[in-house]
Protein chains: 2
Amino acid sequence: MSLKHAILTLLETEDGTGYDLLKRFEDHLGYFWNASHQQIYAQLKTMHNEALIDYQLEAQDDKPDKKIYTLTDSGRQALSEWVQQPLKLGKVKDALLVKIYAGHLADKEQLLEEMLHYRDSHKRMLQTFLAIENEYHSSSKKKQHELAMPYLTLRRGILGERACIEWAEEVINYLQKTNSRGQ
Amino acid sequence: MSLKHAILTLLETEDGTGYDLLKRFEDHLGYFWNASHQQIYAQLKTMHNEALIDYQLEAQDDKPDKKIYTLTDSGRQALSEWVQQPLKLGKVKDALLVKIYAGHLADKEQLLEEMLHYRDSHKRMLQTFLAIENEYHSSSKKKQHELAMPYLTLRRGILGERACIEWAEEVINYLQKTNSRGQ
DNA sequence: CAATGATATGCAACAAGTTGCATATTGCTG
DNA sequence: CAGCAATATGCAACTTGTTGCATATCATTG
């Protein structure tokens, strides 16, 4: 399990509500970890029972109560223990590759369109990442030092997207070549 | 769900037992899809109930019975429908990146060791893929044409591994630099 | 000849993730 | 002012995936 650790990681950086965490998953961690709001709220509840986190209720006038979660000492310790211990290699699950593997069954035109869409999605993602990288490079040395580790995760995103795009180009090339030959 | 489709894909290429499928997941599809034997047997049972697959019992002298599964017409149709229809983008879940994100909490030496191990694992994987690619390139034109789509999935593996390794080098570089400066 | 690893199959309990539903407010847009 | 998106939280049912256990044979190796 690791949603637990992803949440601990986010809360270590900054306290927040379940909704805040959802946004931070979407905006920052989204490339390499995702969770639905239902999952997050359920996990927060569990982690509160395990005393890894605590919350302060912030009752706002006429708004639903906010639960602002913070790490407990126990939570901070659990995080640092997790960070110390080695991981097993994560499993890749890419349905697109299964589909390509069975690609001879598909309509080539349709497959081509899907690949074009795939490539463009990843190109957009890459552009987003490069913009964030630019921002990072134009921030202060102090900030850059602080954000060194998150920056490295951004680099993973950039290199990963480039590989995706390069591969997509190869597949598109192949599909177009065989298509025009009418195979 | 897509284990179902991965199994349909494998059976479309060649009939086999649950155990055969397990091996084929490990040996061929393993880079982008994985399943435990328990999962596979359970899924085969479900798919048999759904009439997507059928099996012939092969009773061997003194050996446990083999169930050799084959696609039914209905299964073949389900596969081709799945291949036709567009996929939603798969989610990335990479615990190592969560860890790096929280890397300032970790012992730098230990993190470095983990990254070295990560890089070497991926280097080994790349070597394996390149060996398979060589095999492909030295096979007959006919064979190459038959295996064109699986070959494209291999290319994904190769480009993916290269990106992994390149990134790992960046991280290792950073960790060694800051370590020697004693930060 | 005993131990191990490969072949071959499966159940049961549990953890993790998805989908659908439900509520309530604020602020913006047409 | 009606409708919609964003904020904010949560339950329940279901599907998927993991972990541990269980069985039985055959071939190899020490």
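Between A:His137 and A:Tyr151, the ring-plane angle classifies as perpendicular under the 30° and 60° cut-offs. In this structure, B:His48 and B:Tyr55 have tilted ring planes: the angle between them lies in the 30° to 60° band.
Considering only the side chain of A:Gln39, C:dG17 comes nearest among C:dA8, C:dG17, C:dT19. Picking from C:dA8, C:dT19, D:dC11 the nucleotide with the shortest atom distance to the side chain of B:Lys88 gives C:dT19. Of the candidate nucleotides D:dT9, C:dT19, C:dT9, C:dT9 has the atom nearest to the side chain of B:Tyr19. Distance from the side chain of A:Lys67 is smallest to D:dG10 among D:dC11, D:dG10, C:dT9. Comparing C:dT18, D:dA6, D:dT19 by their nearest atom to the side chain of B:Lys91 picks out C:dT18.
If you take OH of B:Tyr41 and P of D:dT18, they are 17 Å apart, rounded to a whole angstrom. At whole-Å resolution of the value, CG in B:Leu22 and P in C:dT7 are 9 Å apart. Spacing between atom OH of A:Tyr55 and atom C1' of D:dG10 amounts to 12 Å, rounded to whole angstrom units. Distance CE (B:Met47) to P (D:dT15): 16 Å, rounded to an integer number of Å. Computed from coordinates, the B:Asn34 CG to D:dG17 P distance equals 11 Å when rounded to whole Å. The separation between A:Leu21 atom CG and D:dG10 atom C1' is 15 Å, rounded to whole Å. Note: CD1 (B:Ile40) to P (C:dC11) measures 15 Å, nearest angstrom. The distance from atom CG of B:Leu3 to atom P of D:dG17 is 6 Å, rounded to the nearest whole Å.
Place A:Gln43 and B:Gly18 on DNA chain C by their nearest nucleotides, and B:Gly18 ends up nearer the 5' end. Mapping B:Lys45 and A:Trp33 onto DNA chain C by nearest heavy atom places B:Lys45 closer to the 5' end of the strand.
Among the atoms of the strands shown, base atoms are found under 4.0 Å from some heavy atom of A:Gln38. Within 4.0 Å (heavy atoms only), A:Lys93 reaches sugar-phosphate atoms of the nucleic acid but no base atom. In this structure, B:Lys23 reaches the sugar-phosphate backbone alone: every heavy-atom distance under 4.0 Å involves primed, P, OP1 or OP2 atoms, never a base.
Residues A:Asn49 and A:Thr46 bring no donor and acceptor atom of their side chains to less than 3.5 Å of each other. In the model, A:Gln127 has no side-chain atom that pairs as donor or acceptor with a side-chain atom of A:His122 under 3.5 Å.
Within the 4.0 Å cut-off from OP1 or OP2 of D:dT19, not a single side-chain nitrogen or oxygen of B:Ser36 is found. At D:dT7, none of the side-chain N or O atoms of A:Thr17 fall inside 4.0 Å of OP1 or OP2 (strictly under the cut-off).
Under a 3.5 Å cut-off, the side chain of B:Gln84 and the backbone N or O of A:Gln110 do not form any donor-acceptor pair.
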